[in-house]
Amino acid sequence: MDYLLWRQRIFPVLSTCSTFAHRNIVVASGISYTSRSHSIGHHRNLLLLQLSLLLFCEVITSYYVAIIFQVSHVNDNVKWPLPDKDGLVHVDWWEMQAQTTQDYSTNSWFTTFITGALNHQTAHHLFPGIAQCYYPIVTPIVKQTCEEFGIEYHNCGSFWNAIKSHFLHLKRLGQMDADATKEQ
């Protein structure tokens with residue numbers, strides 16, 4: 001099968017690039033580009049470059065998303081109600097959503113933009129069906145309602161406080177595991 005046809009089927013977005021753009025990418029990456037005629041080596045190098053860029057973007061995106069989710073769910077501030085002997089958790093669904101999530105930097109338009117409004121995690125859990133552009137409007141109402149009904153609302157202030165809380169929680173969990181191992 002012709003390489004260009006194969007590439008158009010596998011990488012439809014990349015197939016819109018011109019030969020000139022491909023030549024510039026290849027030259028900028030340090031891969032030798034000898035002539036306008038496409039050699040098999042050139043195609044292999046270009047494919048490796050494209051796959052490397054794809055892998056790099058996937059890794060960066062995965063860490064970015066993981067950090068945003070982890071600081072909102074795995075930290076020292078949230079509560080995780082335990083089930084009773086029958087396996088039931090006796091907490092109202094709405095209350096549990098507020099107890100198991102943490103907000104951060106809710107007054108920062110930049111953090112709201114860069115996280116896709118997931119820094120308003122409590123509003124996200126309570127109202128998953130609304131567009132995230134409304135979370136900054138809903139969050140003060142959620143906070144006020146939690147105070148009114150005596151439900152603990154978790155907001156650690158800044159993203160860096162959320163990161164710190166996350167790592168302190170991981171450290172505490174690691175110490176608990178080490179203590180359990182010593183007891184055995």
Side-chain angles (χ1 to χ4, degrees), residues 11-14 16 50-184:
F11 298 107
V13 174
L14 296 174
T16 60
Q50 291 170 342
L51 291 174
S52 298
L53 289 173
L54 178 67
L55 179 64
F56 176 75
C57 291
E58 287 293 322
V59 168
I60 295 298
T61 302
S62 297
Y63 276 103
Y64 169 74
V65 170
I67 288 170
I68 290 173
F69 289 151
Q70 293 300 308
V71 300
S72 296
H73 295 94
V74 182
N75 57 66
D76 276 338
N77 299 326
V78 299
K79 309 277 186 285
W80 288 97
L82 296 173
D84 62 11
K85 62 181 178 164
D86 298 326
L88 300 174
V89 177
H90 297 285
V91 178
D92 184 61
W93 182 86
W94 296 91
E95 186 176 350
M96 186 165 177
Q97 300 311 307
Q99 285 181 357
T100 59
T101 56
Q102 170 180 266
D103 292 348
Y104 58 89
S105 299
T106 55
N107 294 327
S108 169
W109 68 268
F110 179 75
T111 304
T112 299
F113 173 76
I114 205 76
T115 63
L118 289 176
N119 57 324
H120 299 267
Q121 196 64 218
T122 307
H124 168 71
H125 276 253
L126 290 171
F127 307 103
I130 67 170
Q132 68 258 29
C133 63
Y134 295 111
Y135 291 160
I137 299 166
V138 171
T139 295
I141 299 167
V142 168
K143 182 178 179 182
Q144 179 184 4
T145 305
C146 286
E147 289 172 1
E148 184 180 326
F149 286 93
I151 299 170
E152 192 174 355
Y153 169 77
H154 307 286
N155 186 335
C156 67
S158 71
F159 175 72
W160 299 113
N161 287 343
I163 288 280
K164 181 181 174 183
S165 175
H166 171 67
F167 282 111
L168 287 174
H169 182 69
L170 293 179
K171 180 180 178 182
R172 188 175 60 81
L173 289 175
Q175 289 171 344
M176 288 172 51
D177 189 40
D179 292 341
T181 304
K182 287 178 187 176
E183 291 175 6
Q184 293 176 359

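In this text, all values refer to a predicted model and were calculated from it rather than measured experimentally.
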Under 3.5 Å: donor-acceptor pair, side chain of [X], backbone of [Y]:
{"X": "Asp103", "Y": "Gln121", "answer": "yes"}
{"X": "His120", "Y": "Thr139", "answer": "no"}
{"X": "Asn119", "Y": "Ser105", "answer": "yes"}

Kindly compute the distance separating [atom1] ([X]) from [atom2] ([Y]), expressed to the nearest 0.5 Å.
{"X": "Ile60", "Y": "Glu58", "atom1": "CD1", "atom2": "CD", "value": "11.0 Å"}
{"X": "Leu82", "Y": "Leu88", "atom1": "CG", "atom2": "CG", "value": "13.0 Å"}
{"X": "Ser52", "Y": "Leu55", "atom1": "OG", "atom2": "CG", "value": "7.0 Å"}
{"X": "Cys146", "Y": "His154", "atom1": "SG", "atom2": "NE2", "value": "8.5 Å"}
{"X": "Leu126", "Y": "Gln97", "atom1": "CG", "atom2": "CD", "value": "6.0 Å"}
{"X": "Phe56", "Y": "Thr61", "atom1": "CZ", "atom2": "OG1", "value": "9.5 Å"}

Tell me if the [atom1] atom of [X] is crowded by more than 12 foreign heavy atoms within 6.0 Å.
{"X": "Trp93", "atom1": "CH2", "value": "yes"}
{"X": "Asn107", "atom1": "CG", "value": "no"}
{"X": "Tyr153", "atom1": "OH", "value": "yes"}

Which heavy atom of [X] sits nearest to which heavy atom of [Y], and what is that distance?
{"X": "Gln99", "Y": "Pro81", "answer": "OE1-CG, 3.3 Å"}
{"X": "Ile141", "Y": "Ile137", "answer": "CD1-O, 3.8 Å"}
{"X": "Val78", "Y": "Ser72", "answer": "CG1-O, 4.2 Å"}

Residue pair Val142, Phe127: steps toward the side chain to side chain contact (heavy atoms under 4.5 Å, CB included) verdict:
CA-CA 10 Å; Val142 168; Phe127 307 103; 3.9 Å; yes
Sequence neighbours excluded, which residues qualify as ring-ring contact (aromatic ring centres under 6.0 Å, His included) partners of Phe159?
Tyr104
Taking only residues two or more places apart in sequence or in another chain, which ones pass ring-ring contact (aromatic ring centres under 6.0 Å, His included) with His166?
none
Could you tell me if the side chain of Val89 sits less than 4.5 Å from the side chain of Pro83, heavy atoms only?
yes
Under a 4.5 Å cut-off applied to non-hydrogen side-chain atoms, are Ile163 and Ile67 in contact?
yes
Identified side-chain hydrogen bond (donor to acceptor under 3.5 Å, both in side chains) partner of Thr122 from the options Thr106, Asn155, Thr101, Thr100
Thr101
Per-pair distances, 0.1 Å, donor-acceptor, side chain in residues 128-136, under 3.5 Å, sequence neighbours excluded:
| unit_1 | atom_1 | unit_2 | atom_2 | d |
| --- | --- | --- | --- | --- |
| Tyr135 | OH | His124 | ND1 | 3.2 |

Go through it in stages, so that I can follow the logic: the residues are Asn77 and Cys156, the test is side chain to side chain contact (heavy atoms under 4.5 Å, CB included), and I'd like the CA-CA distance, side-chain angles, deciding distance and then a yes or no.
CA-CA 8 Å; Asn77 299 326; Cys156 67; 3.9 Å; yes
Pairs involving residues 66-90, ordered by first then second residue, that meet salt bridge (Lys or Arg N to Asp or Glu O under 4.0 Å) (sequence neighbours left out)
Asp76-Arg172, Lys79-Glu152
Residues in side-chain hydrogen bond (donor to acceptor under 3.5 Å, both in side chains) contact with Ser108, at least two apart in sequence or another chain
Thr111
Test side-chain hydrogen bond (donor to acceptor under 3.5 Å, both in side chains) applied to Ser165 - qualifying residues, sequence neighbours left out:
none
